[in-house]
Asks: 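Supplied in structure tokens, the structure appears directly below.
A note on names: the letters A, B, ... follow the listed sequences, proteins ahead of strands, and every chain is numbered from 1.
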Amino acid sequence: MSNKTPNPTDNEDRYRRIWDVVAGIPAGCVLNYGEVARLAGLPGRARLVGRALGLAPRSMRLPWHRVVNAQGQISFKPGGAKYRRQCELLEAEGVAFVDGAIDLEAHAPSRALDRMLWGP
DNA sequence: GGGCTGACCTACT
DNA sequence: CAGTAGGCCAGCC
């Protein structure tokens, strides 16, 4: 039997995985949407990550600001309230913006240990 | 029912 | 280096 219409429960399960991955991003680290999707077991569904973050309730306190696009830039409209919000939160965690973009490699979670031992 | 939009990505030209 | 094309999928009109 082929379910053409996925049950809401399945969608919620996918969202839950995405939220879990995002919640697991350490402070001061940054991931892009595609990477989050891949870690959540949903390769090729970066857009779903964006929607999941948008639907995430505030009570969850997800570090949504640690998720940016593949170019290391904030995917919100430049100058917008949310844009500045995310920028503020990231800078508060020690994430540096270079020419309006973040060095994803430098702020990758895998390098968190390196930064902790050797510094930035 | 169909079509457009969107907190996207990769690859190619 | 910038622009285009194809892929992906859920919500909303």
Asks: Between the base of B:dC9 and the side chain of A:R47, is there any donor-acceptor pair under 3.5 Å?
Replies: no
Asks: Do the side chains of A:E91 and A:F97 get nearer than 4.5 Å, heavy atoms only?
Replies: yes
Asks: Students often get this wrong, so: under 4.0 angstrom with heavy atoms, is A:L53 touching a base, only sugar-phosphate, or nothing?
Replies: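 If one applies the 4.0 Å heavy-atom cut-off, A:L53 turns out to touch a base.
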Asks: Expressed in whole Å, how much space separates the P atoms belonging to C:dG6 and B:dA7?
Replies: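 C:dG6 and B:dA7 have their P atoms separated by 23 Å.
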Asks: Closest nucleotide of DNA chain B for A:E35 versus for A:R51: which of these residues is on the 5' side?
Replies: A:R51
Asks: Start with the C-alpha distance between A:H107 and A:L90, add both sets of side-chain angles, then the distance that settles side-chain contact (heavy atoms from CB on, under 4.5 Å), and finish with yes or no.
Replies: CA-CA 11 Å; A:H107 288 284; A:L90 287 173; over 6 Å; no
Asks: Taking any heavy-atom pair under 4.0 Å as a contact, classify A:G54: base, sugar-phosphate, or nothing.
Replies: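 Base contact.
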Asks: Return the value, rounded to whole Å, for the distance between atom CG of A:L104 and atom C1' of B:dC8.
Replies: 13 Å
Asks: For residues 41-56 of chain A, which residue pairs qualify under salt bridge (charged side-chain N to carboxylate O under 4.0 Å, His left out), counting only residues two or more places apart or in two chains?
Replies: none
Asks: Think A:N32 has a side-chain N or O under 4.0 angstrom from the OP1 or OP2 of B:dC8?
Replies: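 No, outside the criterion.
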Asks: Rounded to whole angstrom units, what separation is found between the CZ atom of A:F76 and the P atom of B:dT5?
Replies: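 It works out to 20 Å between those atoms.
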Asks: Between A:Y15 and A:A46, who's closer to the 5' end of DNA chain C by nearest nucleotide?
Replies: A:A46
Asks: Could you state the CD1-P distance from A:I25 to B:dA7, rounded to the nearest angstrom?
Replies: 18 Å
Asks: Atom CG of A:L42 to atom C1' of C:dC9: distance rounded to whole Å?
Replies: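 Interatomic distance, CG of A:L42 to C1' of C:dC9: 11 Å.
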Asks: Which whole-number value in Å describes the distance from A:I18 CD1 to B:dC9 P?
Replies: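 A:I18 atom CD1 is separated from B:dC9 atom P by 13 Å.
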Asks: Could you work out the separation of B:dC4 and C:dA5 based on their P atoms and round it to a whole Å?
Replies: 16 Å
Asks: Among all residues two or more places apart in sequence or in another chain, which pass the side-chain hydrogen bond (donor to acceptor under 3.5 Å, both in side chains) test with A:E93?
Replies: A:H65, A:R66
Asks: If you compare all heavy atoms of A:L31 against all heavy atoms of A:P109, which two are closest, and at what distance to 0.1 Å?
Replies: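 Smallest heavy-atom distance, with atoms named: CD2-CD, 3.6 Å.
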Asks: Tell me: CD1 of A:I74 to C1' of B:dA7, nearest whole Å?
Replies: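 It works out to 10 Å between those atoms.
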Asks: Write down the distance between CG (A:L39) and P (B:dC9), rounded to a whole number of angstrom.
Replies: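 It works out to 14 Å between those atoms.
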Asks: Report the distance from atom OH of A:Y33 to atom P of C:dG7, rounded to the nearest whole Å.
Replies: 24 Å
Asks: C:dG11 and B:dG1: how far apart are their C1' atoms, nearest whole angstrom?
Replies: 15 Å
Asks: Salt bridge or not between A:D13 and A:R17? Use side-chain N to carboxylate O under 4.0 Å.
Replies: yes
Asks: Got a sec? Which of residues 79-91 of chain A come in under 4.0 Å of DNA chain B, heavy atoms?
Replies: none
Asks: Between A:A70 and A:L104, which heavy-atom pair has the shortest distance, and what is it?
Replies: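 Nearest pair, atom of A:A70 first, then A:L104: O-CD1, 3.3 Å.
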